[in-house]
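Note on naming: letters A, B, ... go to the chains in the order of the sequence lines (proteins, then strands), and numbering restarts at 1 for each one.
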Amino acid sequence: MIEGKDLRVYFKSRDIVVKALDGVNVSVKDREIVGIVGESGSGKTTLGRTILNLQKPLSGEVLWNGKNVFKLKGKEEKEFRRQNQIIYQNPYEAVDIRLKVYDIVAEGLRVHNIPKDKEEESKIVMETLRDVGLTPEDEYAKSLPNQLSGGQLQRVAIARALVLNPSFIVADEPVSMLDMSIRAGVLDIFKRLRDERGISIMMITHDISTLGYVADRIYVMYQGKVIEHGSTDAVLDKPLHPYTQALISAVPIPDPSGRTSLFSIKVKEEMEPYNGKGCRYYPRCPFAMASCREKEPNLSGVSSDHYVACFLY
Amino acid sequence: MNKVIRDLLSRKTFIFSIVVILFFAAIALLAPVLTSYNNPYQVSQQFVAAPYAVPAWATIFPQYHDLPPDVRLTLTPVSASGVTPVNSSFVKITVPAGGEVNVSYPIRWNWSSPYNVILSFILVPPATSDFNVNLYMNNINIMELSPVPIPPAVSVTLGKPNSITFSSQTINPSNSPYVNSLPFQDQPLASLEFPKAVLPRPGMYYLVISLQNTGNSPETFLLSNPHYTSLGYAYGRLGTDDNGGSVFSEFVYGARFDLYLALVASVLIIGIGLIIGLLAGYVGGFTDLTLNALTDFFLLIPGLPLLIVLISIFDLTGVIVNVNKAVLILLIISFLSWPGTAKIIRGQTLSLRSRTFVEASRALGEGKLRILFRHIVPNLMGILFAQLAYDVPGVILAESGLDFLGLGIIGFPTWGNMLGFATNDLSFANGFAWWWVLPPGIGIILLSTAFYYFGTAMLDVLSPYKLRGE
Ligand SMILES: Nc1ncnc2c1ncn2[C@@H]1O[C@H](COP(=O)(O)OP(=O)(O)OP(=O)(O)O)[C@@H](O)[C@H]1O
Ligand code: SF4
Ligand SMILES: [Mg+2]
């Protein structure tokens with residue numbers, strides 16, 4: 001179980017301060033796939049990186065089985081690294097393209113001195129390559145990243161994370177670079193991981209439709225804040241926040257469950273700039289009220305597994 | 001690794017650079033074997049041939065066709081009555097009273113006139129003082145030896161071996177009847193004109209030693225076979241410079257120096273530039289600030305002017321008497337070569353450090369050092385080689401420039417000072433000494449281009465991130 005509490009990450013670029021995370025609370029329980037959804041720039045990647053202590057937050061803490069991950073040292077830190085892995089949005093950027101697939105995957109094993117000898121190392125690497133569907137594995141092991149397609153390389157990145165037998169994986173838009181036709185195949189890998197190995201997963205995406213397929217719970221982010229979260233069924237069947245509704249209606253492909261047809265929310269055409277104190281969504285919210293401009297809404301529970309930050313509820 | 005080498009070998013520019021660099025490296029290493037003159041700027045190693053002698057192979061061109069090489073002959077006399085060999089190198093000549101015996105030595109000459117003519121032999125005259133010895137070449141009376149030295153006659157010791165040397169370069173009105181007989185205004189030029197007078201064109205010539213007995217009893221002379229030497233106008237692989245020094249030797253030792261310079265500069269660039277750049281870029285913070293300031297300081301020193309000032313000061317004050325000036329120049333130039341590399345490496349390290357794959361390595365649990373040596377440094381190799389490729393020719397050019405201007409090394413040959421000396425002396429008369437100017441010029445160009453190609457090839461092959469145009 002890993003949870004982030006009141007995480008704040010601000011980036012300063014010249015004079016502008018970007019609040020990538022602005023008081024975010026998330027938790028991923030064991031054997032759970034949690035979806036993080038939001039538009040580009042809403043802070044999803046930053047959340048994933050902060051959870052894994054790859055980005056120091058301004059404030060807030062991340063607890064991993066009760067331990068603050070920013071204070072881990074030595075052996076414990078190493079163990080944290082082994083058990084918690086990340087798969088990046090763009091596989092081409094995430095691997096050292098000088099290295100052969102075999103070495104990319106074996107890197108983690110070597111760092112943690114897991115295999116006794118070269119033979120065992122090779123056995124584990126080959127097994128993992130097979131697990132992620134890269135067969136014939138010895139062909140792939142020998143190839144260089146630039147000889148592979150995006151989908152194949154993303155599988156390599158997944159293999160690199162899996163080879164350490166982690167208990168938690170942040171998957172940052174693992175299928176966004178991939179062709180529609182192979183997305184399901186890659187998503188299936190994650191489902192199988194949860195079902196067969198009990199791995200918890202934080203699945204980051206800007207495409208809410210993929211979450212219906214894999215996630216147990218969903219967090220919807222908007223401009224560095226969680227504006228709605230709850231069980232997948234609750235959020236997808238009964239989206240409360242106008243932004244969530246807009247996200248779902250914007251899904252381009254027909255959803256077999258027919259959820260999409262229920263909502264057809266319009267987004268306001270002309271936008272006034274955000275005044276700095278009201279609800280962050282009011283410039284685009286069709287339901288904005290006068291009070292929305294004055295104060296930011298806090299997350300509040302509408303049911304035991306559904307929370308939303310909006311004055312409408 | 002195999003792939004890298006295969007990649008490299010598939011590039012023509014890389015092959016070119018390797019061939020050129022290896023060629024010069026071989027020349028530099030084998031210099032003592034290739035030539036026996038290790039410093040043709042020393043007086044003792046000059047005049048191995050005439051000044052501005054063309055390369056020997058250039059005689060295939062019609063305008064150089066007749067130019068003589070260096071010639072060394074031991075002349076042997078044609079047999080005549082009164083001339084009897086004593087052993088293989090001496091002949092005994094008996095001259096009757098009041099008579100005269102001419103000993104003729106044929107010289108087969110296949111070329112146009114040489115630069116000079118030197119004759120040497122041993123003469124043992126009779127103990128009496130009633131004799132006279134005259135040397136004729138091409139029927140010109142070039143020297144007179146007499147017990148009574150009335151100029152232009154030269155004195156000999158009676159009855160003892162006399163080592164006689166005739167050199168066209170030291171003739172004057174008081175030691176050569178030939179000069180003495182010239183019109184007054186021509187006498188100063190006699191040394192220059194002499195070879196043309198005695199060996200004007202290809203043909204058969206004779207050195208005649210004429211022994212005259214002015215007494216009234218027979219006299220006996222002993223004569224060694226004369227040695228003939230002359231410096232030619234065609235010499236060696238690359239001819240000679242204005243002092244008759246071997247240009248080939250200069251070129252070879254110049255290559256040695258320039259490669260040595262390249263090596264020292266490379267070591268300093270890698271040693272200082274890489275380490276400072278890496279530390280600044282990877283550690284960051286205060287370290288970065290300090291190292292960056294240091295780099296900027298060295299980068300902003302105007303290298304060449306500083307050198308010129310420093311060297312002038314050293315020269316004028318003689319402060320550093322014990323330190324070899326050449327070593328000093330080498331070190332200063334090399335030492336000014338690393339800041340550019342440090343800057344570039346720092347920038348690249350900064351950019352690499354923030355790349356996702358480095359963060360991914362962190363996420364895998366890799367330590368700072370492992371990331372540095374497994375991901376950062378290998379990814380910098382290409383850019384490092386490229387820096388070597390740009391900086392080393394720069395260093396060579398700077399040093400050559402300094403030498404060219406006469407401010408740098410002048411004590412021994414470098415390509416730079418070869419060019420400098422050569423351009424000072426180019427003229428129509430010496431055919432613009434192309435054999436002297438071209439080798440160092442082409443050497444500098446070839447070596448610089450080779451380094452450049454070598455670096456760019458390494459950059460392409462070793463920097464995947466660069467290759468993909470990111
Ligand atoms: N290292 C950084 N330095 C400066 N600003 C950053 C940095 N990383 C992220 N940001 C900014 O923080 C905000 C959130 O970025 P983040 O990458 O977390 O968004 P995201 O939700 O993952 O978007 P996307 O769907 O496009 O990946 C963006 O405005 C981004 O410009
Ligand atoms: S709080 Fe107001 S502005 Fe914000 S989403 Fe709800 S209704 Fe729209
Ligand atoms: Mg992202």
Side-chain angles (χ1 to χ4, degrees), chain A residues 45 48-56 69 72 74-100 103-114 142-147 153 156-157 160-164 166 168-170 172, chain B residues 1-8 10 274 278 281-285 345 348-386 457-470:
Chain A
T45 299
R49 293 177 57 238
T50 310
I51 289 274
L52 290 189
N53 188 12
L54 296 168
Q55 167 72 52
K56 287 259 181 293
V69 303
L72 293 179
K75 271 214 169 80
E76 270 193 322
E77 186 185 7
K78 237 180 165 186
E79 185 58 17
F80 171 77
R81 288 285 177 229
R82 188 189 69 72
Q83 287 201 23
N84 300 277
Q85 292 300 322
I86 182 166
I87 294 155
Y88 287 92
Q89 209 163 346
N90 181 350
Y92 286 107
E93 280 179 5
V95 302
D96 192 343
I97 57 174
R98 283 181 315 109
L99 303 181
K100 290 206 173 87
D103 292 309
I104 293 171
V105 178
E107 186 74 7
L109 294 175
R110 292 170 188 162
V111 172
H112 293 278
N113 293 319
I114 290 171
K142 274 183 289 192
S143 41
L144 284 160
N146 53 13
Q147 297 165 334
L153 197 56
V156 171
R160 170 172 70 178
L162 288 187
V163 82
L164 287 173
F168 172 61
I169 294 178
V170 172
D172 187 0
Chain B
M1 211 56 209
N2 261 334
K3 182 182 168 294
V4 171
I5 292 171
R6 242 182 300 123
D7 243 27
L8 283 174
S10 69
L274 176 66
L278 261 185
Y282 197 55
V283 178
I345 294 285
Q348 284 294 314
T349 309
L350 279 177
S351 122
L352 278 172
R353 194 178 68 162
S354 61
R355 275 177 185 273
T356 312
F357 76 82
V358 170
E359 187 181 292
S361 309
R362 204 144 63 83
L364 281 178
E366 291 183 43
K368 271 190 170 351
L369 276 184
R370 189 183 168 97
I371 293 179
L372 182 67
F373 288 113
R374 187 144 169 85
H375 300 293
I376 307 259
V377 173
N379 275 302
L380 283 174
M381 277 304 145
I383 206 94
L384 183 68
F385 275 110
M458 292 302 249
L459 177 68
D460 285 355
V461 171
L462 293 178
S463 306
Y465 294 95
K466 176 91 182 173
L467 245 192
R468 282 185 18 228
E470 285 185 16

By residue number, those in residues 48-55 of chain A with heavy atoms under 4.5 Å from heavy atoms of chain B are A:Arg49, A:Asn53, A:Leu54

Heavy-atom nearest pair, B:His375 first then A:Leu99, reads CE1-CD1, 4.0 Å

What are the two closest non-hydrogen atoms of B:Ala363 and A:Ile86, and how far apart are they? CB-CG2, 3.7 Å

Just verifying a value: how many Å separate A:Arg81 CZ and B:Ser361 OG, rounded to the nearest 0.5 Å? 11.5 Å

Hey, are the side chains of A:Arg110 and B:Arg374 touching, using non-hydrogen atoms and a 4.5 Å cut-off? yes

Side chains of B:Thr356 and A:Asn90: closer than 4.5 Å at any heavy-atom pair? no

Side-chain heavy atoms of B:Leu364 within contact of A:Gln85, under 4.5 Å: yes

Considering only heavy atoms, which portion of B:Arg362 lies under 4.5 Å from any heavy atom of chain A: side chain, backbone, both, or neither? both

Between A:Glu107 and B:Arg370, does any side-chain N to carboxylate O distance fall below 4.0 Å? yes

Non-neighbouring partners of A:Glu76 that pass salt bridge (Lys or Arg N to Asp or Glu O under 4.0 Å), sequence neighbours left out: A:Lys67

Using non-hydrogen atoms only, which part of A:Leu144 is less than 4.5 Å away from chain B: side chain, backbone, both, or neither? side chain

Can you see which heavy atom on A:Ala94 is nearest to which on B:Ala360, and at what distance? O-CB, 3.5 Å

Keeping the roles fixed (side chain from A:His112, backbone from B:Glu366), state whether a donor-acceptor pair exists under 3.5 Å. no

